[in-house]
Number of protein chains: 2
Amino acid sequence: MGMKQRQESILEELASAQELDALQAAIENLRDLFGADHMVYHWVNADGDQYGCGTYSPEWVENYVSQDYLRVDPVIVGCYQRFHPVDWKRLDWSSKAARTFQKEAIEHGVGNQGFSVPIRGPNGQFALFTVSHNCDDDTWAEFTEKHRRDLILIAHEFNNKALEFEPNRSPEQSRALSPREVDAMTLLAVGYSRAQVADTLSISEHTLRVYIESARFKLGALNTTHAVARAMSRGLIVV
Amino acid sequence: MGMKQRQESILEELASAQELDALQAAIENLRDLFGADHMVYHWVNADGDQYGCGTYSPEWVENYVSQDYLRVDPVIVGCYQRFHPVDWKRLDWSSKAARTFQKEAIEHGVGNQGFSVPIRGPNGQFALFTVSHNCDDDTWAEFTEKHRRDLILIAHEFNNKALEFEPNRSPEQSRALSPREVDAMTLLAVGYSRAQVADTLSISEHTLRVYIESARFKLGALNTTHAVARAMSRGLIVV
DNA sequence: TTTCAACTCCCCCAAAATAGTGAGGGGCGG
DNA sequence: CCGCCCCTCACTATTTTGGGGGAGTTGAAA
């Protein structure tokens with residue numbers, strides 16, 4: 001069976017799987033198929049839930065979360081602001097925190113080369129699909145060039161499957177805001193005070209307050225700032 | 001030249017293009033290549049800016065925007081909440097508004113079948129890549145099954161290119177926030193009050209205020225909510 | 001038809017955030 | 001060494017929000 005066919009069959013198996021474990025199985029198979037040191041899929045959503053699967057050593061994963069490297073890792077920060085898949089070499093590793101992180105990662109066998117595909121879903125969901133390896137630059141360039149397309153599609157399939165299992169799907173939480181509520185949230189997000197928003201929308205401030213409060217309620221937010229943050233990260237408003 | 005090769009060459013040309021017009025040219029070529037009635041790429045994001053290119057008739061496009069169909073179109077509302085590409089048949093066309101919209105769309109030659117790929121970028125950017133055609137269900141099922149993968153990749157390439165031209169790259173991309181400022185913004189974004197944030201960070205509320213104000217200053221924000229919104233949309237904090 | 005969600009308006013008062021001033025110590029690069 | 005940024009703390013006064021009440025209209029869906 002050729003590589004294409006095997007890749008195809010792994011993805012088909014993944015697509016028809018009923019359990020989250022299938023992701024872990026599929027990623028191991030794909031890692032072997034591509035002959036890379038590691039392959040990892042990882043997502044975070046607006047409420048801080050996360051899920052990951054992959055072939056990194058348990059020690060490294062534990063270390064990563066316990067050190068809160070999510071906020072340091074240049075792969076995360078870099079990909080969060082980009083759309084296209086990115087080679088780790090092109091990220092900013094200049095800060096001291098990044099350098100120590102990098103050193104530690106390599107010590108844990110992560111590999112000196114990496115390629116990460118950022119993927120975004122509804123409600124501010126953000127995921128990364130990463131392949132890492134230990135080799136020289138030329139070999140890696142050849143690898144990424146050859147497999148770029150496939151990796152994007154695989155990332156897509158993984159995220160698709162992962163979203164099926166996402167617990168945060170209650171209709172209560174993802175209920176859309178009404179048009180006026182969207183207006184209110186949007187204007188608040190661009191810095192208007194309640195008075196200014198009310199003026200802009202040509203309604204009384206009292207009325208505006210009703211919208212803000214109902215939006216807050218729908219979003220399960222504790223205050224206006226929280227409501228705006230949630231509305232943004234869930235993609236309900238565009239700022 | 002086979003279909004694969006032509007597709008490849010169109011995408012390569014697109015990738016190396018320096019002007020936005022290239023998107024329009026590429027989409028026309030791809031439409032012809034796939035033998036579909038229409039192909040459209042369209043994105044919305046910051047400040048309500050939008051850009052679209054495609055092969056719909058100018059009358060239909062004008063009608064669409066003037067009627068504000070963006071808020072009615074089941075393709076938009078449906079895809080906005082999904083991740084995977086979707087066949088138009090699987091969307092909810094039951095509301096009255098949707099039915100009249102559908103009728104009008106078909107009258108404008110949009111086609112009775114459609115397949116749309118939602119794509120999301122940083123900062124809440126949302127784009128749709130759509131192929132539409134006039135044919136029976138079986139023919140369309142075969143078409144989408146055959147080209148699904150390619151359409152996802154094409155959507156990805158289009159969005160990648162479109163983002164290059166996005167004007168939303170403010171020159172005064174002020175210096176990054178300090179660690180404490182990031183802490184403050186992050187906790188505020190998850191709904192903590194100033195008192196709670198100060199408590200969490202084990203500093204006085206007075207000190208916290210200094211961070212919030214300096215963050216506000218750096219971000220050019222008018223108030224805390226605005227600052228958090230900007231920090232989020234610039235990817236400075238991860239919530 | 002009835003119900004329900006959205007939109008609009010009003011009061012009062014307590015709590016929280018903002019604005020205007022400060023000040024001092026630590027670290028890092030030119 | 002000096003400037004610059006980061007971290008830490010304090011006071012007072014004013015403005016803005018939040019929480020608790022209600023109440024009426026419209027339009028669309030069940």
Side-chain angles (χ1 to χ4, degrees), chain A residues 94-97 99-100 171-172 174-231 236, chain B residues 68 71-72 74 77 92-101 174-230 236:
Chain A
S94 61
S95 83
K96 198 153 83 180
R99 291 218 169 271
T100 62
E172 207 64 38
S174 50
R175 192 158 38 144
L177 301 178
S178 78
R180 276 317 217 192
E181 287 159 358
V182 172
D183 292 341
M185 290 295 106
T186 304
L187 291 171
L188 288 170
V190 297
Y192 286 26
S193 70
R194 283 205 313 212
Q196 288 176 305
V197 174
D199 196 52
T200 304
L201 297 179
S202 303
I203 56 176
S204 77
E205 196 178 326
H206 313 284
T207 303
L208 175 69
R209 258 182 46 192
V210 177
Y211 298 143
I212 298 174
E213 284 183 21
S214 69
R216 233 183 24 229
F217 180 74
K218 286 182 185 175
L219 296 166
L222 299 166
N223 53 45
T224 302
T225 299
H226 192 196
V228 170
R230 289 201 149 177
L236 301 175
Chain B
D68 200 21
R71 301 193 183 280
V72 179
V77 276
D92 176 22
W93 297 90
S94 61
S95 82
K96 198 154 82 180
R99 292 217 167 272
T100 63
F101 167 79
S174 50
R175 354 164 240 280
L177 300 178
S178 77
R180 276 317 217 190
E181 288 158 357
V182 172
D183 291 343
M185 291 294 106
T186 304
L187 292 172
L188 288 170
V190 296
Y192 285 27
S193 70
R194 286 208 310 212
Q196 288 175 304
V197 174
D199 196 51
T200 305
L201 298 179
S202 302
I203 56 177
S204 78
E205 198 177 326
H206 312 285
T207 303
L208 174 70
R209 247 182 50 193
V210 178
Y211 299 144
I212 298 174
E213 283 183 20
S214 69
R216 235 184 23 229
F217 180 74
K218 286 181 183 174
L219 295 166
L222 300 167
N223 53 44
T224 301
T225 300
H226 193 196
V228 170
R230 289 204 151 175
L236 301 175

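Chain identifiers are assigned alphabetically (A, B, ...) following the order of the sequence lines, protein sequences preceding nucleic acid strands; residue numbering begins at 1 within each chain.
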Study note, to complete from the structure: Applying salt bridge (Lys or Arg N to Asp or Glu O under 4.0 Å) to R194(A) and not counting sequence neighbours gives E205(A)
Review point. Is there a side-chain polar atom (N or O) of K218(B) under 4.0 Å from OP1 or OP2 of dC6(D)?
Key: yes
**Study point:** For atom NE2 of H226(A) and atom P of dA17(C), their distance in whole Å
**Key:** 14 Å
Study note, to complete from the structure: note: M185(A), atom CE; dT17(D), atom P; distance rounded to Å ~ 12 Å
**Study point:** Partner residues of R99(B) under the side-chain contact (heavy atoms from CB on, under 4.5 Å) criterion, sequence neighbours left out
**Key:** Q102(B)
Review point. Below 4.0 angstrom from OP1 or OP2 of dA19(C), is there any side-chain N or O of R216(B)?
Key: yes
Practice item. Measure the distance from CG on L187(B) to P on dA17(C) and round it to the nearest whole Å. Key: 13 Å
Practice item. Remember a base hit wins even if backbone is also touched, and classify T224(A) as base, sugar-phosphate or nothing at under 4.0 Å, heavy atoms. Key: sugar-phosphate
**Study point:** Interatomic distance, H226(B) atom NE2 to L187(A) atom CG [nearest 0.5 angstrom]
**Key:** 11.0 Å
Tabulate protein N/O versus nucleotide N/O from nucleotides 7-10 of chain C, keeping only pairs under 3.5 Å, one per line.
from	atom 1	to	atom 2	distance (Å)
dC7(C)	OP1	R180(A)	N	3.4
dC7(C)	OP2	S178(A)	OG	2.4
dC7(C)	O3'	Y211(A)	OH	3.4
dT8(C)	OP1	R180(A)	NH2	3.1
dT8(C)	OP2	R180(A)	NE	2.8
dT8(C)	OP2	Y211(A)	OH	2.4
dC9(C)	OP2	S204(A)	N	2.7
dC9(C)	OP2	T207(A)	OG1	3.0

Check your understanding: Separation of L188(A) atom CG from dT17(D) atom C1', in whole Å?
Key -> 11 Å
Check your understanding: How far apart are the closest heavy atoms of T200(A) and Y192(A), and which atoms are they?
Key -> OG1-CE2, 3.3 Å
Practice item. Give the rounded distance in Å between these two atoms: CD of Q196(B) and P of dA17(C). Key: 9 Å
Point to revise | d(CG, L222(A); P, dT17(D)) in whole Å | key: 17 Å
Check your understanding: N223(B) CG to dA16(C) C1': how many Å, rounded?
Key -> 14 Å
Review point. Rounded to the nearest Å, what distance is computed from the CD atom of residue E213(B) to the C1' atom of nucleotide dA19(C)?
Key: 7 Å
Exercise for review: Just jot down the side chain to side chain donor-acceptor pair (under 3.5 Å) partners of S178(A), sequence neighbours excluded, or say none.
Suggested key: E181(A)
Exercise for review: Could you pull out all residues at least two apart from R180(A) that satisfy salt bridge (Lys or Arg N to Asp or Glu O under 4.0 Å)?
Suggested key: D183(A)
Practice item. Please identify each residue that fulfils side chain to side chain donor-acceptor pair (under 3.5 Å) with T225(A), with sequence neighbours left out. Key: T225(B)
Exercise for review: State whether the distance check finds a donor on one side and an acceptor on the other, under 3.5 Å, for side chain R209(A) versus base dG20(D).
Suggested key: yes
